[in-house]
Protein chains: 2
Amino acid sequence: MAFEKRRIREKENRKSAILKAARELFFEKGFKSVTVESIARKAELSKGAVYLYFKSKEEIYSQILLNDIDKFHKSVADLFEDGGKASDMLCRLSSTYVDFFLRDRELFRILITFMLHANHSNMPEDLQNHIIKSTNKTIFMEKILQYGIDTGEFPPSINVRQCRNALWGLLNGIISLYIFVGSEAKRDDLIRSTVNASLDIFIKGLKNS
Amino acid sequence: MAFEKRRIREKENRKSAILKAARELFFEKGFKSVTVESIARKAELSKGAVYLYFKSKEEIYSQILLNDIDKFHKSVADLFEDGGKASDMLCRLSSTYVDFFLRDRELFRILITFMLHANHSNMPEDLQNHIIKSTNKTIFMEKILQYGIDTGEFPPSINVRQCRNALWGLLNGIISLYIFVGSEAKRDDLIRSTVNASLDIFIKGLKNS
DNA sequence: TGAACAGTAGTCATTATGTGACCGCTGGTC
DNA sequence: GACCAGCGGTCACATAATGACTACTGTTCA
């Protein structure tokens with residue numbers, strides 16, 4: 001039937017209306033202090049209707065996160081496609097990473113928590129799997145480093161795996177130092193400039209090792 | 001409640017989806033050969049749903065017509081606002097009129113039928129009233145003629161009422177001569193050029209009477 | 001320490017909206 | 001004038017949406 005199509009379309013629209021509303025609320029207030037009722041209201045629906053589209057508050061949340069993680073991966077992949085010098089790529093990757101988490105603080109908290117704790121019992125299955133896959137994608141960093149070696153920008157003596165971990169550590173460490181404290185605008189700039197400066201130093205070091 | 005708003009909005013959207021579908025079908029095939037089922041399909045709904053929004057096929061039809069008539073009146077009113085010479089206004093009014101009916105042939109048929117027959121028994125009440133009001137609106141034509149007299153373009157000796165009827169007759173007569181015969185593109189041009197030529201002649205006559 | 005309470009995730013009976021098989025009428029055919 | 005095809009309109013049923021309600025959790029305070 002012709003309206004089968006329309007129905008599917010409308011269902012998807014409802015679903016994304018809920019996700020959109022939830023997204024704004026979650027990233028403003030965090031998971032816990034957002035009520036399902038408030039999501040429903042923002043999406044101009046009743047609470048009951050929300051449960052027609054998602055089976056729990058957590059599911060809504062994880063769908064948003066999955067989506068965001070994918071977006072991040074896509075922009076990182078693009079970055080690699082764009083080419084250029086390896087050191088520039090590292091800078092751009094870092095900026096992308098920082099900006100990504102400045103927009104989605106909650107996600108950063110989740111990912112860091114995920115890395116720090118083995119206990120993910122109350123996190124939906126598919127989100128766990130997705131995050132695991134996602135952390136594997138630090139492989140991009142390795143690729144860039146290898147590319148730097150291949151193009152003669154970095155000496156071949158560097159330990160790629162080690163450098164990768166150092167860089168992720170540096171990024172995550174700086175972000176987590178500042179991300180949940182102080183006033184928003186100033187803090188964001190602080191994070192960005194600290195990351196940039198550290199990265200410069202690190203890259204200089206790399207080139208001379 | 002917040003979703004009350006959304007519901008109303010969606011109801012209106014459904015209604016206009018039905019009207020849009022119906023409009024295309026009616027003006028392509030005419031009232032009789034369009035089935036409610038086909039309207040429903042085009043609007044991606046079931047027939048039953050159509051009857052949730054309209055109480056009959058006729059109601060759908062007349063809502064479309066009412067809407068179109070209003071649009072026409074609005075564009076005529078605008079035309080008067082725009083100002084200029086009375087003879088130019090007459091030309092523009094005529095063009096608007098012709099183009100309007102070339103787009104909505106069915107409507108022309110209805111209005112002419114309405115004027116020719118007193119029996120409107122199977123026409124919805126509000127459509128009848130609207131059409132009656134609408135025919136009163138030939139007053140625009142009178143206004144333009146009077147304006148022509150006031151600005152000295154037409155001699156004050158002309159009989160405004162008579163001229164108005166002559167002009168409406170001229171327009172309707174020419175349109176009805178051609179509108180339901182021959183191939184579309186050629187015929188439309190034929191109508192337009194015939195109307196323009198006749199109008200030129202009529203206006204020349206007016207100025208010299 | 002545990003009784004009373006506040007707040008919220010999730011449920012479910014009720015209502016609103018949408019579907020399509022069906023009915024009856026009409027106009028055409030033979 | 002018997003038969004039939006086709007369509008407007010209806011209605012029993014199906015799907016979607018609502019919000020009062022339940023059960024649970026964490027907090028307060030005697």
Side-chain angles (χ1 to χ4, degrees), chain A residues 1-23 25-26 28-65 106 119 121-124 127, chain B residues 1-23 25-26 28-65 106 119 121-124 127:
Chain A
M1 292 302 116
F3 39 72
E4 211 37 46
K5 246 182 168 178
R6 174 193 51 96
R7 275 202 158 165
I8 290 166
R9 204 174 57 228
E10 284 181 355
K11 252 186 178 168
E12 277 166 6
N13 287 347
R14 279 279 134 83
K15 216 172 163 175
S16 45
I18 296 169
L19 286 174
K20 183 165 180 264
R23 166 168 243 299
L25 290 170
F26 281 141
E28 177 191 339
K29 305 185 187 180
F31 182 76
K32 264 199 143 179
S33 47
V34 172
T35 66
V36 175
E37 180 69 31
S38 70
I39 294 171
R41 284 299 154 95
K42 194 152 194 170
E44 291 180 305
L45 282 167
S46 69
K47 192 163 64 153
V50 169
Y51 283 92
L52 288 174
Y53 295 90
F54 299 92
K55 64 179 194 294
S56 68
K57 185 180 167 184
E58 290 231 353
E59 206 203 6
I60 299 174
Y61 194 52
S62 61
Q63 289 221 10
I64 292 170
L65 298 185
E106 193 65 20
N119 173 25
S121 54
N122 61 358
M123 191 178 280
L127 182 56
Chain B
M1 290 303 117
F3 38 72
E4 212 36 48
K5 245 183 170 179
R6 189 211 69 206
R7 275 201 159 164
I8 291 166
R9 205 175 56 228
E10 286 182 354
K11 250 184 179 168
E12 276 166 6
N13 287 347
R14 280 268 193 285
K15 216 172 162 173
S16 44
I18 295 169
L19 286 174
K20 183 166 179 265
R23 165 169 243 299
L25 290 170
F26 281 142
E28 179 190 339
K29 305 186 187 179
F31 182 76
K32 266 199 140 181
S33 47
V34 172
T35 66
V36 175
E37 180 68 32
S38 70
I39 295 171
R41 283 300 154 95
K42 194 152 191 168
E44 293 181 303
L45 283 167
S46 68
K47 192 162 65 154
V50 169
Y51 283 92
L52 287 174
Y53 295 90
F54 299 92
K55 63 179 192 298
S56 67
K57 185 180 166 185
E58 290 232 352
E59 207 204 4
I60 300 174
Y61 195 52
S62 62
Q63 290 223 11
I64 293 170
L65 297 185
E106 193 66 20
N119 172 25
S121 54
N122 61 0
M123 193 178 278
L127 181 56

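By convention in this document, chain letters (A, B, ...) are assigned in the order of the sequence lines, proteins followed by strands, and residues within each chain are numbered from 1. Since this is a predicted model, take the numbers as computed values, not measurements.
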A.B. asks: Determine: side-chain N/O of A:R6 to OP1/OP2 of C:dT19, distance under 4.0 Å, yes or no.
C.D. replies: yes
A.B. asks: Taking only residues two or more places apart in sequence or in another chain, which ones pass side chain to side chain donor-acceptor pair (under 3.5 Å) with B:R14?
C.D. replies: A:E10
A.B. asks: Run the side chain to side chain donor-acceptor pair (under 3.5 Å) test against B:S38 and tell me which residues pass, sequence neighbours left out.
C.D. replies: B:T35
A.B. asks: Would you mind reading off the distance between B:L52 atom CG and D:dA17 atom P, rounded to a whole angstrom?
C.D. replies: 15 Å
A.B. asks: By nearest atom, which of the nucleotides D:dA17, C:dG20, D:dT15 is closest to the A:R7 side chain?
C.D. replies: D:dT15
A.B. asks: Tell me: CZ of A:F54 to P of C:dA9, nearest whole Å?
C.D. replies: 15 Å
A.B. asks: Would you mind reading off the distance between B:K5 atom NZ and D:dA17 atom C1', rounded to a whole angstrom?
C.D. replies: 19 Å
A.B. asks: Please identify each residue that fulfils side chain to side chain contact (heavy atoms under 4.5 Å, CB included) with B:Y51, with sequence neighbours left out.
C.D. replies: B:V36, B:K47
A.B. asks: Round to a whole Å and report the spacing from CD of A:E10 to P of D:dA16.
C.D. replies: 11 Å
A.B. asks: Starting from P on C:dT19, measure out to CD on B:E44 and report it in whole angstrom.
C.D. replies: 10 Å
A.B. asks: Give the C-alpha distance, both sets of side-chain angles, the deciding distance and a yes or no for side-chain contact (heavy atoms from CB on, under 4.5 Å) between B:Y61 and B:V34.
C.D. replies: CA-CA 11 Å; B:Y61 195 52; B:V34 172; over 6 Å; no
A.B. asks: Mind calculating the distance between CD1 (A:I18) and C1' (C:dA9) to the nearest angstrom?
C.D. replies: 15 Å
A.B. asks: Nearest whole angstrom, please: distance from the P of C:dG20 to the CG of B:L45.
C.D. replies: 11 Å
A.B. asks: Using whole Å, what does the distance between atom P of nucleotide C:dA16 and atom CZ of B:R14 come to?
C.D. replies: 17 Å
A.B. asks: Tell me, please, which residues at least two apart from A:K42 pass side chain to side chain donor-acceptor pair (under 3.5 Å).
C.D. replies: A:E24
A.B. asks: Mind checking side chain to side chain donor-acceptor pair (under 3.5 Å) for B:E37 and listing every partner two or more places apart, or none if nothing turns up?
C.D. replies: B:R41
A.B. asks: Anything under 3.5 Å between a protein N or O and an N or O of nucleotides 4-9 of chain D, put it in a table, one pair a line.
C.D. replies:
from  : atom 1 : to    : atom 2 : distance (Å)
D:dG8 : OP1    : B:V34 : O      : 3.3
D:dG8 : OP1    : B:K57 : NZ     : 2.7
D:dG8 : OP2    : B:V36 : N      : 2.9
D:dG8 : N7     : B:K47 : NZ     : 3.3
D:dG9 : OP2    : B:Y51 : OH     : 2.8
D:dG9 : OP2    : B:K57 : N      : 2.9
D:dG9 : N7     : B:K47 : NZ     : 3.0
D:dG9 : O6     : B:K47 : NZ     : 2.4

